[in-house]
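Any value given below was found using the heavy atoms of this structure, including those in side chains, with hydrogens, waters and symmetry copies removed. It should be emphasised that the depicted structure is a prediction, and the values quoted were computed from it without experimental measurement.
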Amino acid sequence: MQADAGTPTHCPYCALQCGMRVSADGAGGRPAVTITPRTDVPANDGGLCQKGWTAGELLTSPDRLTTPLLRERRGAPLRPAGWDEALDFAAARIRAIQAEHGADAVAVFGGGGLTNEKAYLLGKFARVALRTSQIDYNGRFCMSSAAAATNRAFGLDRGLPFPITDVARADAILLAGGNLAETMPPFVRHLTRMREAGGRLIVVDPRRTPTARQADLHLQITPGTDLALALGLLHIAIAEGLVDEDYIERRTTGFDAVRTSVSAWWPERAERVTGIPVAQMRETVRTLAAARNAMILTGRGAEQHAKGTDTATAFINLALALGLPGRPGSGYGCVTGQGNGQGGREHGQKSDQLPGYRRLDDPAAREHVARVWGVDPADLPGPGRSAYELLDALGTPDGPRALLLLGSNPVVSAPRAGHIADRIAALDLLVVSDLVLSETAELADVVLPATQWAEETGTITNLEGRVLLRRRAVPPPPGVRGDLAVISGLARRLGQDPAAFPEDPRAVFDELRRASAGGVADYSGITYERIEAETGVFWPCPAEDHPGTPRPFLDRFPTPDGRARFVPVDHRAAVEDIDDGYPIYLTTGRVLAQYQSGAQTRRIRALNEAAPEVYVELHPDLAERLGITAGERVRVTSRRGTAEGVARISTAIRSDTVFMPFHWAGDGRANLLTNPALDPTSRMPEFKVCAVRLERVA
Ligand SMILES: Nc1nc2c(c(=O)[nH]1)N[C@H]1C(S)=C(S)[C@@H](COP(=O)(O)OP(=O)(O)OC[C@H]3O[C@@H](n4cnc5c(=O)[nH]c(N)nc54)[C@H](O)[C@@H]3O)O[C@H]1N2
Ligand SMILES: Nc1nc2c(c(=O)[nH]1)N[C@H]1C(S)=C(S)[C@@H](COP(=O)(O)OP(=O)(O)OC[C@H]3O[C@@H](n4cnc5c(=O)[nH]c(N)nc54)[C@H](O)[C@@H]3O)O[C@H]1N2
Ligand code: SF4
Ligand SMILES: [Mo]
């Protein structure tokens, strides 16, 4: 087959949004597809990971939902139903629940994997059709801490505020809490180019991951202490006279307060807290300061903490002190997660947000968006609960009694998942749109079968802030409908004008453009045609003749005075530290072959063979102390619950820490253990550190 055969589109999974071509190649029945990587998309530059290569398998999986399912009363089994029957049932129940308990009794939960069009229409549906304040999404669990920190420092939150190809131009990169070799394998090409040109990579991770193994320096940190590390690094930079005084003077405010705040973080103190030797800290700072171009990148390892916002802030302070943000080839970036992790946080499925990255509590923003929506600004609800708080309130006397959920599987992925499953079970009505019967969909009263990436068209915004177009390449199976049709169908049944809730993605995108116009994330100049012609357009893009903005911080920062803001922060311990009862740190994360809650990837044969079951990674010293041998089942217990997995013994992890991936369901759920303590600003849960004990399963 020719290399350029097939429909050009993008991968269904992570935020790298690798470009691929999809062609139907089967004969008879529903066609299977062939996937080939695109070379015209800089993010993957001809590469794909194993998840991308195998993404076509779920299109024809026997596990796929092809008809709506309905449970007429609690305790009854789910049974197949027609679309009208299912939507009529859901709409009637929503009306009844709102009539009895008020608008906020119905909640909406979205996902960062949904296209911009879906995220936008879902936010509008909540505010206009349901008039509920109770909407949030799984992005809270993802990059909300870095988002809060970058908004605070730069006045704008765009994961990488530079094209990904800038990575190869750096001479040094500090990557804190990211395992790109497993979470975005083709990203490693950019790191390799950087290193081949003489650049140095420094990785901060409690584990010697495949990424850390490629680093020139690995800082094997105690979980939950990145904030102290960043403070210690800045202390060293100041003490050794390595800060960029000229840049600080010209482009920032607030350095004096930060200088004072790190004065007590002398290196030996930072070493005591983080476990990282002073010599390695000095080497890190000197490497970054000596580089012509340098980058500081954070991943979930540094961000998913109850102090994630302050941790990201401390790394931004370090980047500012070294004069990095806004300099081409340099900067601070957050390596975003889900397919549309970036766009999904810009257009209104977040509890405090309106399209265009506008604030729901800003009167001018309400005015603008209400005009586009043809409603009275006074009728738009105010900000609601954040993701965990929303899930935690379900079915409680003051909380929502009904939930519409698209694009998330919180029974597996939410912190303290056992409790969240109980809350979901306490609802009067759960409506789930999904591709498969996920663990959360299993609890639903109405399940709606959704089309998949290759069967529908829509835009996604990748980790660089580049708006891309996914194109329909194959027809969906009969009986399956897109999320836009679901939202539209429900809106119509709730009395809305169908024209205000179109099913056509292009019509939704055109409205999104108007709603975002003038906002921080301005998409008004972006069209499907431009995206096709230019292989993506960087926001902000305020006019059709505007070139888009690959590097938004070049000349000024989008703050009122055009300067970046230093913000003083201080270290605090993990919310739950280890003690005699729970003497080991648990941290959680990902493996290459599984994606998120695993709802999609656990159904793909090659991926399941590569990563068949949950494991508990522990150091040989710890294993010996506990009498645990490789391959046997171990029980992990925290204050929230108990989970089991197979022991994987490895010198790659600290001996005071165990690691579990969170991709599996049932009693292998890492999230039965995790601590839902929340960051005060971002409301991010402390996924990356809690205290546990370990024992062999008798
Ligand atoms: N294969 C695969 N790829 C994915 C995903 C997936 O599920 N599977 N999900 C996508 C999404 S949504 C996201 S958000 C990204 C996440 O991408 P990453 O942030 O790279 O992924 P994680 O594995 O969650 O965490 C990264 C590393 O943080 C380390 N870590 C744990 N605790 C700490 C700590 O306290 N400090 C530091 N410095 N490091 C710590 C872990 O050991 C882990 O190696 O991946 C995306 N890509
Ligand atoms: N312990 C621990 N827990 C974590 C994390 C961690 O590092 N450690 N990471 C957190 C992070 S960063 C994230 S992003 C979350 C992710 O966790 P989840 O929010 O659970 O994400 P997914 O598993 O991707 O769930 C997506 C669901 O939607 C379905 N789906 C996919 N595409 C579509 C679509 O277009 N429409 C509809 N209707 N459905 C669709 C899938 O089949 C799946 O059931 O997990 C968080 N949980
Ligand atoms: S790195 Fe991410 S976008 Fe690329 S193929 Fe793998 S899962 Fe898909
Ligand atoms: Mo994520």
> Between Asn116 and Glu346, is a side-chain hydrogen bond (donor to acceptor under 3.5 Å, both in side chains) present by the stated rule, with each step listed?
Replying inline: CA-CA 8 Å; Asn116 290 317; Glu346 299 166 357; 5.9 Å; no
>> Using salt bridge (charged side-chain N to carboxylate O under 4.0 Å, His left out), reason through Arg506 and Asp510 one step at a time and then give a plain yes or no.
In response: CA-CA 6 Å; Arg506 191 185 280 264; Asp510 281 338; over 6 Å; no
> Does the pair Gln600 and Ser438 meet the rule for a side chain to side chain contact (heavy atoms under 4.5 Å, CB included), with working shown?
Replying inline: CA-CA 9 Å; Gln600 291 159 276; Ser438 72; over 6 Å; no
>> Cys14 vs Tyr595, test: side chain to side chain contact (heavy atoms under 4.5 Å, CB included). Steps then yes/no.
In response: CA-CA 8 Å; Cys14 84; Tyr595 190 69; 4.1 Å; yes
>> Does Leu443 form a side chain to side chain contact (heavy atoms under 4.5 Å, CB included) with Val411? I'd like the steps, not just the answer.
In response: CA-CA 9 Å; Leu443 304 178; Val411 165; 3.8 Å; yes
>> Using side-chain hydrogen bond (donor to acceptor under 3.5 Å, both in side chains), reason through Asn44 and Gln17 one step at a time and then give a plain yes or no.
In response: CA-CA 8 Å; Asn44 62 307; Gln17 280 305 293; over 6 Å; no
>> Arg590 vs Glu182, test: salt bridge (charged side-chain N to carboxylate O under 4.0 Å, His left out). Steps then yes/no.
In response: CA-CA 8 Å; Arg590 298 165 163 80; Glu182 291 197 80; over 6 Å; no
>> Checking Val447 against Leu437 for the side chain to side chain contact (heavy atoms under 4.5 Å, CB included) test, could you report, in this order, the C-alpha distance in whole Å, the side-chain angles of both residues, the deciding distance, and whether it holds?
In response: CA-CA 8 Å; Val447 182; Leu437 197 64; 4.2 Å; yes
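A donor-acceptor pair under 3.5 Å is formed between the side chain of Asp679 and the backbone N or O of Thr309. Panel note: side chain Arg158, backbone Pro550; a donor-acceptor pair is recorded below 3.5 Å. Judged purely by atom type and a 3.5 angstrom limit, Thr209 has no side-chain atom pairing as donor or acceptor with the backbone of Asn179. Of the possible donor and acceptor atoms, one in the side chain of His305 sits under 3.5 Å from a partner among the backbone N and O of Gly301. Remark: side-chain polar atoms of Thr211 are paired, donor with acceptor, to backbone N or O of Leu180 under 3.5 angstrom. The backbone N or O of Thr588 sits less than 3.5 Å from a side-chain atom of Lys688, completing a donor-acceptor pair. Using modelled atom types, no side-chain atom of Thr39 and backbone atom of Asp45 make a donor-acceptor pair closer than 3.5 Å. Gln338 places no side-chain N or O within donor-acceptor distance of the main-chain N or O of Gly111, the cut-off being under 3.5 Å. Side-chain atoms of His10 do not come within 3.5 Å of backbone N or O of Gly339 as any donor-acceptor pair. In this structure a side-chain-to-backbone donor-acceptor pair under 3.5 Å is missing from Thr549 to Arg551.
Separation of atoms CG (Leu484) and OG1 (Thr115) is listed at 6.0 Å; rounding is to 0.5 Å. In this structure, the separation between CG on Asp205 and CG on Leu175 is 8.5 Å, given to the nearest 0.5 Å. In this structure, CG in Leu391 is found 8.5 Å from OG in Ser413, a value given to the nearest 0.5 Å. Taking CZ of Phe315 as the reference point, atom SG of Cys334 lies at 12.5 Å (rounded to 0.5 Å). Here CD of Gln304 is found 8.5 Å from OG of Ser144. Values are rounded to the nearest 0.5 Å. From Asn462, atom CG reaches atom OG1 of Thr459 across 11.5 Å, with rounding to the nearest 0.5 Å.
Using a 4.5 Å heavy-atom cutoff, the side chains of Val520 and Asp522 are not in contact. In this structure, Leu297 and Leu160 have side chains that are in contact, with non-hydrogen atoms separated by less than 4.5 Å. The side-chain heavy atoms of Asn151 and Tyr357, taken from C-beta on, include a pair separated by under 4.5 Å. Side-chain contact between Leu672 and Arg416 is absent, with no heavy atoms from C-beta onward closer than 4.5 Å. Within the 4.5 Å cutoff, the side chain of Cys11 has heavy atoms near those of the Met20 side chain.
Taking each heavy atom of Ala312 and Tyr332 in turn, the nearest pair found is CB-OH, 3.9 Å. Across all their heavy atoms, Pro410 and Ile424 have their closest contact at CG-CD1, 4.1 Å. Minimum interatomic distance between Pro42 and Arg466 (heavy atoms only, all atoms of both residues): CG-NH2, 3.5 Å. Of all the heavy atoms in Gln342 and Gly159, the pair that sits closest is OE1-N, 2.8 Å. Across all non-hydrogen atoms, the minimal contact from Ala450 to Ser433 is CB-OG, 3.6 Å. When all heavy atoms are compared, the tightest approach of Phe662 to Asn671 is CD1-ND2, 4.0 Å.
Between Asp226 and Thr311, the side chains place no donor N or O within less than 3.5 Å of an acceptor N or O (distance only, hydrogens not considered). Side-chain contact, Arg140 with Ser351: a donor N or O sits under 3.5 Å from an acceptor N or O. Donor-acceptor pairing under 3.5 Å is recorded for the side chains of Asn608 and Gln594.
Using a 4.0 Å cut-off between charged side-chain N and carboxylate O, Arg300 and Glu303 make a salt bridge. The pair Arg669-Asp667 fails the salt-bridge criterion, with no side-chain N (NZ, NE, NH1 or NH2) lying under 4.0 Å from an Asp/Glu carboxylate O. A salt bridge links Arg683 to Glu389: at least one charged side-chain nitrogen sits closer than 4.0 Å to a carboxylate oxygen. For Arg64 and Glu455, the salt-bridge test passes: some basic side-chain N is under 4.0 Å from an acidic carboxylate O. We find that Glu57 and Arg603 are not joined by a salt bridge, their nearest charged nitrogen and carboxylate oxygen being 4.0 Å or further apart. At a threshold of 4.0 Å, the pair Glu439-Arg602 counts as salt-bridged, since one of the basic side-chain nitrogens sits closer than that to a carboxylate oxygen. A salt bridge is absent between Asp136 and Lys350: the closest approach of a Lys/Arg side-chain nitrogen to an acidic carboxylate oxygen does not fall below 4.0 angstrom.
Using cut-offs of 30° and 60° for the angle between ring planes, the Phe141 and Phe687 rings count as perpendicular.
With Val467 as reference, Ile526 is the one residue of Ile526, Ile460, Asn340 to meet the side-chain contact (heavy atoms from CB on, under 4.5 Å) rule. Partner of Val431 under the side-chain contact (heavy atoms from CB on, under 4.5 Å) criterion, out of Leu448, Val486, Leu405, Leu406: Leu448 alone. Checked options Arg513, Glu511, His347; the residue passing with Tyr120 is Glu511 (criterion: side-chain hydrogen bond (donor to acceptor under 3.5 Å, both in side chains)). Glu456 pairs in a side-chain hydrogen bond (donor to acceptor under 3.5 Å, both in side chains) with only one of the listed residues (Arg470, Arg471, Lys118), which is Lys118.
Note that Arg648 lies in the cation-pi zone of Tyr615, set by a 6.0 Å cut-off to the ring centre and a 45° limit from the axis.
In this structure, Tyr528 has its ring center closer than 6.0 angstrom to the ring center of Phe509.
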